[in-house]
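Note that these values count all heavy atoms, side chains included, but never hydrogens, waters or copies made by symmetry.
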Amino acid sequence: MLDIKFIRENPAAVKKALATRKADADIDGLLALDAARRSAITKAEELKGERNAASKAIGGLMKEGKKAEAETAKEEVRMIGDRITSLDEQVREFDEKILNTLLFIPNLPLAGVPVGESADDNVVVRTWGEVKKFDFKVKPHWDICEALKLVDFERGTKITGTGFPVYTGQGARLQRGLIQFMLDLHTTEHGYTEVEPPFVCNADAMTGTGQLPKFAEDMYYISTDELYPVPTAEVPVTNLYRDEIIEEKLPLKLTAYTPCFRREAGAAGRDTRGLLRLHQFDKVEMVNFVKPEDSEKQHEILVREAEKVLQKLGLHYRVIELCTADIGFSAAKCYDIELWAPGVEKWLEVSSVSNFWDYQARRARIRCRGEDGKPQFLHTLNGSGVALPRLVVALIENNQNADGTVTIPEALRPYVGGLTKLG
RNA sequence: GGAGAGGUGGCAGAGUGGUUUAAUGCGCCGGUCUUGAAAACCGGAGAGCCGCAAGGUUCCGGGGGUUCGAAUCCCUCCCUCUCCGCCA
């Protein structure tokens, strides 16, 4: 959520920044509501002051036994009370309208984020490793998964539907090993504290990080209990500190594994084959709570922490900086990390590393203390570290051998019981 | 799921209609004293909103109601604890 005070003081800059990310918002209407709200508050508070004084006086009259005078005063104060009720109601309505507008306005891109019209204008920041050469015809991962019985796509549709793969045998072992490998890396080398959060969240949590209200159709929803299966660990982990002033030392770095549930509304029919786009997938996420002045520096560190996973696995990747048109709703700046998958011949996004500035913190009311000891909204960052299915795709496709087996990277072997090859 | 108890400041814990502008204790910060520390003593200290400011206003789990006035009375929802039942 943007700061209404900032919008009030910089309306032109806000409009301009929103335009670069193709967002339309009625800023003038919002500011009119804001002015009306403040005017109503001022009047209401003035009257409340009068009422408080008068009520105190009535108390005095009652004690002195001046009943008649007290009754007269009561009648007068009752009328003040009616006006207050009416003004409070107005304030409540203005508050609601303003909040409902603000909740639908995306974050502003940071200065320096490339201005663009579409994903085509994203910028490659750096590349690590190189495209692997094969002296045989490479297969797409779905063929390998089927041949080695790593995933049972057919039976998955029987018990749930498409997009809910069933990992079997070495495939299941690989999932489990990768999760543990990544959590261990972040906790032992990057200073993270591991968290295992609930896999369903309430609407307040979903609103705090920005999934609701705008993206409700992308979420699964359990109506009987009013809970949402998490689309990312970002939601439960960030909301751990909702409505708090964090007194502990920052940055506070948390990592969590969760399955992620996404309806992928609007993406129906795209990437239906294999493991490229799923309704349920596993992911290890990193969440940072940082002091406002540190967020840009920490953002750079966070990307490197995600990259480390891929480096250890020896996978060729590139880091992309998203342009203003492609950046996520709540983000002020975002890097994507993409792995090269030779079987499907595509760059696959396995991590999205975002700086949310104070946007989520304001929505979720997460604060820290400034130099002066005063509470202030902190900054939140998060990044996938990393998402499993596409990592598995790249790993399998890159490490496939002519004989149909798949070599397991050295670093991962301890996590899959010493297995050196799939198949 | 059933029965009961309870939700007050960082924590503990008073307060059942009007100097509560929320007592008191612990913890915390500053000071005096001390070679230094502890103890003792003195002082300070919550959050939001409106306002250039002075200042005002709201907040005792959430929401609603009664009243001139609500932490306090009423309704409702949520949560926690204890016991019972069921269960991985």
Side-chain angles (χ1 to χ4, degrees), chain A residues 1-10 30-103 196-208 212 222-228 236 239-250 252 259 358 360-378:
Chain A
M1 196 157 72
L2 300 181
D3 182 3
I4 185 70
K5 233 177 278 172
F6 181 82
I7 299 175
R8 192 188 302 149
E9 285 158 15
N10 308 278
L30 178 64
L31 290 177
L33 286 171
D34 174 54
R37 168 182 176 272
R38 286 184 292 146
S39 158
I41 285 178
T42 303
K43 280 182 215 153
E45 292 191 347
E46 200 177 295
L47 291 172
K48 282 176 186 174
E50 282 181 35
R51 182 177 65 183
N52 288 345
S55 292
K56 202 167 268 181
I58 290 170
L61 290 173
M62 300 285 276
K63 261 192 188 140
E64 293 169 32
K66 298 179 180 172
K67 268 211 141 170
E69 286 175 50
E71 287 307 317
T72 311
K74 277 189 193 180
E75 189 54 39
E76 282 168 23
V77 179
R78 189 176 295 129
M79 292 196 305
I80 296 178
D82 290 344
R83 291 175 64 195
I84 291 172
T85 304
S86 152
L87 283 165
D88 275 350
E89 175 61 16
Q90 284 180 40
V91 171
R92 200 195 59 74
E93 281 171 19
F94 286 134
D95 276 343
E96 194 185 328
K97 282 181 186 163
I98 290 168
L99 181 64
N100 282 336
T101 304
L102 286 174
L103 288 177
E196 184 177 311
F199 297 164
V200 288
C201 282
N202 59 32
D204 284 343
M206 297 289 280
T207 304
L212 290 183
I222 302 167
S223 58
T224 45
D225 295 296
E226 298 181 31
L227 293 170
Y228 298 80
N239 278 282
L240 281 173
Y241 289 93
R242 192 173 76 240
D243 289 310
E244 288 194 37
I245 298 172
I246 299 181
E247 304 285 1
E248 41 198 296
K249 194 171 144 285
L250 300 180
L252 176 61
D358 60 3
Q360 290 183 326
R362 183 170 287 105
R363 277 181 169 245
R365 297 164 300 278
I366 306 171
R367 293 174 291 170
C368 62
R369 292 197 186 273
E371 293 297 322
D372 55 2
K374 296 284 181 212
Q376 61 179 189
F377 291 113
L378 48 70

Inter-nucleotide P distance (B/C77, B/A3), Å rounded: 13 Å
Below 4.5 Å, heavy atoms only, C-beta onward: do A/K48 and A/L87 meet side chain to side chain? no
So what's the dot-bracket for RNA chain B: Watson-Crick or G-U pairs under 3.5 Å, [ ] if a pair crosses, | if it pairs off-strand? ((((((((.[[[..)..(.....]]].(((((.......))))).(((((....))))).[[[[[..)....]]]]])))))))....
Roughly how many Å is it from CG in A/N202 to P in B/G61, rounded to a whole number? 20 Å
Rounded to whole Å, how long is the line connecting atom CG of A/D243 with atom C1' of B/C79? 15 Å
Starting the side chain at C-beta, find the nucleotide from B/G18, B/C50, B/A47 nearest to A/R38. B/C50
Between A/R365 and A/D204, does any side-chain N to carboxylate O distance fall below 4.0 Å? no
Work out how far the P atom of B/G9 is from that of B/G15, and round it to whole angstrom. 16 Å
If the P atom of B/C81 is compared with that of B/C28, how far apart are they to the nearest Å? 29 Å
Quote, to the nearest angstrom, the C1' distance that separates B/G65 from B/A5. 25 Å
Using the C1' atom as the reference point in each nucleotide, state the distance between B/C49 and B/A39 in Å, no decimals. 43 Å
Rounded to whole Å, please give me the gap between CD in A/E45 and P in B/C59. 11 Å
If we take the P atom in both B/A47 and B/G10, what is their distance in whole Å? 9 Å
Does A/R78 have a side-chain nitrogen or oxygen under 4.0 Å from the phosphate oxygens OP1 or OP2 of B/C68? yes
B/A47, B/U21, B/G69: which one has an atom nearest the side-chain heavy atoms of A/R367? B/A47
Which whole number of Å gives the distance between the C1' atom of B/A22 and that of B/U8? 8 Å
Starting the side chain at C-beta, find the nucleotide from B/C50, B/C68, B/U58 nearest to A/N52. B/U58
Length of the CZ-P vector between A/R83 and B/C68, whole Å: 17 Å
A/I4 and A/L30, any side-chain heavy atoms less than 4.5 Å apart: yes
Taking any heavy-atom pair under 4.0 Å as a contact, classify A/I41: base, sugar-phosphate, or nothing. sugar-phosphate
Rounded to the Å, how far apart are A/E46 CD and B/A54 P? 18 Å
Tell me which nucleotide among B/G48, B/U57, B/C50 gets nearest to the side chain of A/K48. B/U57
First encountered from the 5' end of RNA chain B, between A/R92 and A/A73: A/R92
Whether A/E46 and A/K43 form a salt bridge (side-chain N of Lys/Arg under 4.0 Å from carboxylate O of Asp/Glu) is what I want to check. no
A/K56 side-chain proximity, nearest of B/C68, B/U58, B/U21: B/U21
Could you check which of B/C50, B/A47, B/C68 has an atom nearest any side-chain atom of A/V77? B/C68
Return no unless some side-chain N or O of A/R369 is found under 4.0 Å from OP1 or OP2 of B/G46. no
Could you check whether atom CD of A/E247 has more than 12 heavy atoms from other residues, nucleotides or ligands sitting under 6.0 Å from it? yes
Salt bridge between A/E96 and A/R92, side-chain N to carboxylate O under 4.0 Å? yes
Starting at atom NZ of A/K5, determine the distance to atom P of B/G48, rounded to an integer number of angstrom. 10 Å
Do A/K74 and A/I58 have side chains that approach each other closer than 4.5 Å (heavy atoms only, starting at C-beta)? yes
Atom C1', compared across B/U34 and B/C41: separation rounded to whole Å: 14 Å
Along RNA chain B (nearest heavy atom to each residue), the more 5'-positioned of A/S55 and A/D34: A/S55
Find out whether A/L212 and A/Y228 are in side-chain contact, i.e. whether some heavy atom of one side chain is under 4.5 Å from a heavy atom of the other. yes
Whole angstrom is fine here: how far is it from CG in A/L47 over to C1' in B/G69? 16 Å
Sub-4.5 Å side-chain heavy-atom contact between A/M1 and A/F377: no
Could you check how far CG of A/L87 sits from P of B/C50, rounded to whole Å? 16 Å
B/C50 OP1/OP2 closer than 4.0 Å to side-chain N/O of A/R37: yes
